[in-house]
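Just below is one structure, and these are the notes that go with it.
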Amino acid sequence: MDVHLDGQIVAAMTRSLRFGGTLVSFDDSAAQEVPGFIRAAVLPTQTAVVMYAHDTWAAFQVSAI
């Protein structure tokens, strides 16, 4: 975490708080307002959302939304 290479991006994953829970709906409009946010993607298993950002702070901020 102390090294950041040129072009490197960070990913943070948010999963259901309930064991075995699956995603019902997803809206990344609030995440798009966070500086450094790149995109969000739902895992094919519908069990988590992965947030991609230019830095750790942005990835963690988006995961908290």
Side-chain angles (χ1 to χ4, degrees):
M1 292 187 63
D2 293 334
V3 177
H4 187 81
L5 305 174
D6 290 336
Q8 178 176 325
I9 62 171
V10 177
M13 183 169 51
T14 302
R15 294 185 278 168
S16 173
L17 298 175
R18 195 177 108 210
F19 181 75
T22 58
L23 186 66
V24 174
S25 66
F26 174 69
D27 179 14
D28 69 347
S29 58
Q32 293 174 6
E33 301 298 321
V34 175
F37 172 74
I38 298 172
R39 68 179 283 246
V42 178
L43 291 182
T45 58
Q46 299 289 318
T47 58
V49 177
V50 180
M51 315 302 179
Y52 298 96
H54 290 289
D55 54 57
T56 305
W57 185 89
F60 288 170
Q61 289 299 312
V62 171
S63 293
I65 293 178

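Being a predicted model, the structure only gives us computed values, none of them experimental.
- Looking at Phe60 and Val34, their side chains never come closer than 4.5 Å, going by heavy atoms from C-beta outward.
- Contact record, Ala40 with Phe26: CB-CZ, 3.4 Å, taken as the closest heavy-atom pair.
- Summarising the geometry, atom CE belonging to Met51 is positioned 13.5 Å from atom CD1 belonging to Ile9; distances are rounded to the nearest 0.5 Å.
- When side chains are defined from C-beta on, Thr47 does not count as touching Arg15, because their heavy atoms never get closer than 4.5 Å.
- At distances below 3.5 Å, at least one donor-acceptor pair connects side-chain atoms of Asp55 with backbone N or O atoms of Ala58.
- A continuous path of ILVMFWY side-chain contacts below 4.5 Å connects Tyr52 to Met13, so both sit in one hydrophobic cluster.
- Rounding to the nearest 0.5 Å gives a distance of 11.5 Å between CD of Gln61 and OG1 of Thr56.
- Annotation: Leu5, atom CG; neighbour count of heavy atoms from other residues, nucleotides and ligands within 6.0 Å is above 12.
- The minimum heavy-atom distance between Val62 and Ala31, with the atom names listed, is CG1-CB, 3.5 Å.
- Linking ILVMFWY residues whenever their side-chain heavy atoms come closer than 4.5 Å, directly or via other members, leaves Ile38 and Val49 in distinct clusters.
- Both Trp57 and Phe37 belong to a single network of hydrophobic side chains, linked directly or stepwise wherever heavy atoms of I, L, V, M, F, W or Y lie under 4.5 Å apart.
- Residues Arg39 and Ala41 approach most closely at NH2-CB, 3.6 Å, considering heavy atoms.
- Residues Ala59 and Val10 share a closest heavy-atom pair of CB-CG1, 3.9 Å.
- Taking each heavy atom of Ala11 and Val50 in turn, the nearest pair found is CB-CG1, 3.9 Å.
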